[in-house]
Amino acid sequence: MHLARLYGTSTGRWETLAVHHTAEAVPAMRAPHDLRRPVRLLAGLYVCGDHRDTSTVQGALHSAHRAAAAIVSDLGATGSLHQADPVRTAARAA
Ligand SMILES: Cc1cc2nc3c(=O)[nH]c(=O)nc-3n(C[C@H](O)[C@H](O)[C@H](O)COP(=O)(O)OP(=O)(O)OC[C@H]3O[C@@H](n4cnc5c(N)ncnc54)[C@H](O)[C@@H]3O)c2cc1C
């Protein structure tokens, strides 16, 4: 029923070919899980990945954003990380 909803088709005639259980495939988040582990380990050493936030793609991406923000901040750069276009320099603008 679930696959029928997902694919928008009848699965009434589908057969189960195999079932695989992959133990420990997904990272564990045992309580108490620290959702905001540091991304700056030492001066100049940064880490990111699902082990820094939630154990999900979203967590990995969020930690990457935090690490990028830490690098930008440590380099003394300013500006938004959300800026889509590169900053125009005088040479480029000319
Ligand atoms: C079976 C399964 C199903 C999942 N389903 C979902 C889901 O539905 N939704 C969801 O949000 N998340 C899901 N996840 C979790 C999600 O995939 C991870 O949280 C996410 O991929 C972590 O991203 P990451 O970049 O931190 O690490 P990874 O994607 O693991 O990337 C780490 C990379 O580093 C490389 N690497 C490791 N050691 C070294 C080394 N020494 N030198 C160089 N490279 C190295 C690895 O080869 C790998 O490419 C699932 C995970 C699994 C296993």
Side-chain angles (χ1 to χ4, degrees):
M1 284 171 53
H2 186 62
L3 291 174
R5 271 206 311 276
L6 280 176
Y7 292 110
T9 188
S10 168
T11 56
R13 297 177 57 162
W14 288 20
E15 296 174 34
T16 302
L17 297 180
V19 176
H20 297 281
H21 293 283
T22 311
E24 301 177 7
V26 181
M29 292 199 305
R30 295 192 180 88
H33 184 80
D34 186 354
L35 295 172
R36 290 292 173 270
R37 296 184 67 198
V39 292
R40 181 195 291 110
L41 296 190
L42 302 168
L45 179 62
Y46 307 86
V47 292
C48 61
D50 61 358
H51 53 98
R52 300 282 118 186
D53 284 64
T54 57
S55 302
T56 63
V57 171
Q58 184 190 20
L61 291 172
H62 190 253
S63 77
H65 190 274
R66 290 198 293 124
I71 293 168
V72 168
S73 170
D74 290 353
L75 291 176
T78 57
S80 168
L81 284 177
H82 297 290
Q83 203 161 5
D85 299 318
V87 177
R88 286 168 63 90
T89 61
R92 271 201 192 142

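Sequential numbering from 1 along the given sequence is applied to the chain's residues. Read the numbers this way: they start at 1 and go in the same order the structure lists the ligands and their atoms. Excluded from the calculations below are hydrogen atoms, water molecules and symmetry mates; all remaining heavy atoms, backbone and side chain alike, are included.
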Donor-acceptor pair, His51 side chain versus Ala60 backbone, under 3.5 Å?
no
With a 3.5 Å distance limit and no angle check, can you tell me whether Thr56 reaches the backbone of Gly59 through a side-chain donor-acceptor pair?
yes
Considering non-hydrogen atoms only, spot the tightest contact between Arg37 and Arg66 and give its length.
O-NH2, 2.9 Å
Would you check if the side chain of Ser63 reaches a backbone N or O of Asp53 as a donor-acceptor pair within less than 3.5 Å?
no
State, to 0.1 Å, how close Met29 and Thr54 come at their nearest heavy-atom pair, and which atoms those are.
SD-CA, 3.8 Å
Does any N or O in the side chain of Ser10 come within less than 3.5 Å of the main-chain N or O of Gly12, such that one atom is a donor and the other an acceptor?
yes
So which residues, sorted by chain and number, lie with a heavy atom under 4.0 Å of ligand 1?
Ala25, Val26, Gly49, Asp50, Ser55, Thr56, Val57, Ala60
